[in-house]
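What follows is a set of notes on a single structure, which appears directly below.
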Amino acid sequence: MSTIAVGGINRTALFYQSVIGKKVIMAVTGFILSGFVLGHMIGNLQVFAGPEKFNAYAAFLQGLGPMLWVARIALLAAVGLHIAMAVQLTLLKLDARPQAYVKKSALVSTYAARTMIWSGPIVAAFLIYHLLHLTTGHAHPDFKPGDVYANFITGFKNPAVALFYMVANILLAFHLYHGVWSMFQSLGVSHPRYTPILKRLAQLYGIVIGLGNVAMPMAVLTGILTL
Amino acid sequence: MKLTLNIWRQKGPNHPGRMVKYEMPNVDEHMSFLEMLDVLNEDLIHKGEEPVTFEHDCREGICGCCGFMINGLPHGPQRGTTVCQLHMRQFHDGEELWIEPFRAKAFPVLKDLMVDRGSFDRIIAAGGYVSVNTGCFVDGNAIPIEKQNAEMAMDAAACIGCGACVASCPNASASLFTAAKIAHLGLLPQGQAERDRRAVRMVAQMMEESFGYCTNTGECEALCPKGVKIENIARMNRDYLKAAITYREESAPAGGS
Ligand code: HEM
Ligand code: FES
């Protein structure tokens, strides 16, 4: 009877090769990244408190020294793993239905859930630009190291740049709208009492991140924040 | 009532298929969907054409044989219903319907609307069972089972293996089907002995069969004719996670040294 029996197996390989193991990696890295984007947003909203407060916050982060690098490396590793899993799982999915339906309807799945694989990579592209723009300054026309507030204002004075930031953050909001609940389900957390609440909280999480992050370039564009 | 049907016609596994249009001038609203196709087939036979192949057996919604897509939904528009239990009163006069087989690499089309769901059998064979030793039988009710667990196991066991979950899933994942069996047996005392092995092997087989992965969209749960819940998928993930950490494959072949 053992044509289908699994032979001697390596535990790590077993976990990593399985769709569930990959989703668990995706969920854990997604959890780290979601936590980061919330902290990142709250920190940056201090821009509304004026240049002194904002630049002091930036200086505080820079002053963390080695701790800053620990956080950066952890985040990069999380992004790397998250993307690697996304690519592998997407390849599996493309292979799983070689012939498409002539007609296919969706009943309950949200737009956000069905477009994770689009919102994700666009956010990734934005991430690279964002780092070159406001962290290293390579993609910034008038970058002044240390004057984070000025870089922020001059950066968003360009409407095309501000628009790209807003679009990318709306997509990030979509990603979280589904992802923040999805990660719990992937990790096996589900209960009829808590799941509906968790879904609502995840949607709220996405919306809050979206609104907060869109508010900043918007404030520069509309002249609420100036130099 | 009058209906226009676009039906996927495909001669065999390695033939290309296409949509063919059929006019149904006289459909009775009391017919089931399959009876409506029987009428069409009768007609096709009289004309000397090849009838439309579709699977069916019980026609009372319990065997899981029937199933195809109607307007992009497995088993058609009525929730909690297999296509054999779907009645024509769910449609309106003059409607145009699109009828095609479930589509997944693991469900190759055999002919027209009939697909090979042997992949499901192989997932079950990989671990969806409990081993029972022969000998004296055990008294009924000798093994206490918590009421809530018995009910959850029963709900998961309602799966008839029709494949609508795979068909509705944007990723052609068999997670709901596999999870239903893992949850059904994992919730009962009889299923504990093989619980870890079951999770590991069934999940491995699910991948082996080229099913996709779960992105928690919830489509399967909404379309399952038996209302099997995706809570079971979370349970499968838990069982799998635990098994991946603690599971030991037997070092000797079963029954051996
Ligand atoms: C700041 C960046 C990001 C955050 C906060 C984030 C967050 C999340 C979370 C929480 C999940 C749910 C995990 C699960 O369902 O188990 C997820 C899933 C996913 N992410 Fe991301 N992600 C980010 C970036 C990306 C990038 C760059 C990509 C693509 C290259 C991506 C692609 C995906 C895909 C394909 C899924 C799976 C969707 C699913 O299974 O439903 N994500 N993400
Ligand atoms: S024919 Fe048995 S369930 Fe439809």
Side-chain angles (χ1 to χ4, degrees), chain A residues 1-9 11-12 14-24 26-27 85 88-110 112-117 178-179 181-192 195 199, chain B residues 6 8 17 19 69 71-73 79 98 100 103-106 109 122 125-127 167-173 175 197 200-201 203-208 210-219 221-223 229-241 244-245 247 249 251 253-254:
Chain A
M1 105 121 256
S2 48
T3 48
I4 32 92
V6 186
I9 33 174
R11 219 171 274 288
T12 322
L14 171 82
F15 178 75
Y16 181 75
Q17 278 163 10
S18 79
V19 271
I20 297 179
K22 288 184 200 298
K23 276 302 299 252
V24 166
M26 186 124 223
M85 294 304 107
Q88 289 185 14
L89 289 169
T90 306
L91 291 178
L92 271 180
K93 154 191 171 148
L94 293 177
D95 180 56
R97 182 169 289 141
Q99 168 131 38
Y101 282 111
V102 176
K103 209 178 164 87
K104 175 79 170 72
S105 315
L107 212 60
V108 295
S109 54
T110 57
R114 280 179 275 122
T115 52
M116 292 296 274
I117 195 51
H178 175 67
W181 166 70
S182 177
M183 68 191 179
F184 286 101
Q185 169 83 3
S186 298
L187 292 171
V189 180
S190 174
H191 190 287
T195 296
K199 274 190 181 174
Chain B
N6 298 281
W8 184 262
M19 283 292 188
M69 306 295 279
N71 289 349
L73 297 173
R79 302 283 54 81
W98 299 80
E100 60 184 314
R103 295 196 192 278
K105 189 178 187 182
V109 174
R122 290 185 292 274
S168 68
C169 176
N171 315 308
S173 166
S175 291
R197 193 174 78 177
V200 168
R201 291 193 177 177
V203 168
Q205 191 64 30
M206 180 169 84
M207 277 196 78
E208 192 73 16
S210 293
F211 286 107
Y213 72 109
C214 176
T215 64
N216 305 325
T217 66
E219 281 296 316
E221 171 181 80
L223 284 147
K229 299 224 161 53
I230 58 172
E231 190 190 341
N232 291 305
I233 298 180
R235 188 175 290 280
M236 166 172 79
N237 293 353
R238 284 205 293 278
D239 271 18
Y240 183 84
L241 262 180
I245 296 164
Y247 175 55
E249 269 293 338
S251 43

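In the text below, chain A, chain B and the rest are named by the order of the sequence lines, each starting its count at 1.
- A:R97 places no side-chain N or O within donor-acceptor distance of the main-chain N or O of B:G212, the cut-off being under 3.5 Å.
- Of the listed residues (A:V189, A:T90, A:I20, A:L92), the one with the most heavy-atom contacts under 4.5 Å to chain B is A:I20.
- Here the CD atom belonging to A:Q99 is positioned 4.5 Å from the CH2 atom belonging to B:W8, to the nearest 0.5 angstrom.
- For the atom pair CZ (A:R114) and OG1 (B:T217), the distance works out to 8.5 Å, reported to the nearest 0.5 Å.
- Of the inter-residue distances, the one linking A:L107 atom CG with B:E221 atom CD reads 11.0 Å to the nearest 0.5 angstrom.
- Heavy atoms of A:V108 lying under 4.5 Å from chain B belong to its backbone as well as its side chain.
- We find the CG-CG distance between A:L187 and B:L241 to be 7.0 Å, quoted to the nearest 0.5 Å.
- Side-chain atoms of A:Y101 never come within 3.5 Å of backbone atoms of B:E100 as a donor-acceptor pair (strictly under, hydrogens ignored).
- Your options are A:S186, A:G21, A:G179, and the one with the most heavy-atom pairs under 4.5 Å with chain B is A:S186.
- Proximity to chain B is absent for every atom of A:A112, based on heavy atoms less than 4.5 angstrom apart.
- No part of A:T195 comes within reach of chain B, as not one of its non-hydrogen atoms sits under 4.5 angstrom from that chain.
- The number of heavy atoms from other shown groups lying within 6.0 Å of NZ (A:K22) is above 12.
- Contact of the B:M206 side chain with the A:V19 side chain is registered, since non-hydrogen atoms from C-beta on lie closer than 4.5 Å.
- A:V24 has its side chain out of reach of B:N237: every pair of non-hydrogen atoms, C-beta onward, lies at least 4.5 Å apart.
- The shortest distance between side-chain heavy atoms of B:N216 and A:H178 falls below 4.5 Å.
- For the set B:I233, B:I230, B:L223, the entry with the most heavy-atom pairs within less than 4.5 Å of chain A is B:I230.
- Of the inter-residue distances, the one linking A:L91 atom CG with B:Y213 atom OH reads 10.0 Å to the nearest 0.5 angstrom.
- Per-residue heavy-atom pair counts under 4.5 Å with chain A were compared for B:R238, B:R79, B:R103, and the maximum is reached by B:R103.
- Distance alone, capped at 3.5 Å, places no donor-acceptor pair between the B:S210 side chain and the A:D95 backbone.
- Between the side chain of B:E231 and the main chain of A:H191, no donor-acceptor pair closer than 3.5 Å is present.
- Between A:P98 and B:A104, the shortest heavy-atom contact is CD-C, 4.4 Å.
- Side-chain contact between A:K23 and B:C214: absent, with no pair of heavy atoms (C-beta onward) separated by less than 4.5 Å.
- Between atom CE of residue B:M19 and atom NZ of residue A:K103 there is a gap of 9.5 Å, rounded to the nearest 0.5 Å.
- Using a 4.5 Å cut-off between heavy atoms, B:I245 contacts chain A through its backbone alone, with no side-chain atom that close.
- The closest donor-acceptor contact from the side chain of A:K104 to the backbone of B:S168 lies under 3.5 Å.
- In this structure, the portion of B:Y240 lying under 4.5 Å from any heavy atom of chain A is its side chain and not its backbone.
- Formation of a donor-acceptor pair under 3.5 Å by the A:Q17 side chain with backbone atoms of B:M207 is not found in this model.
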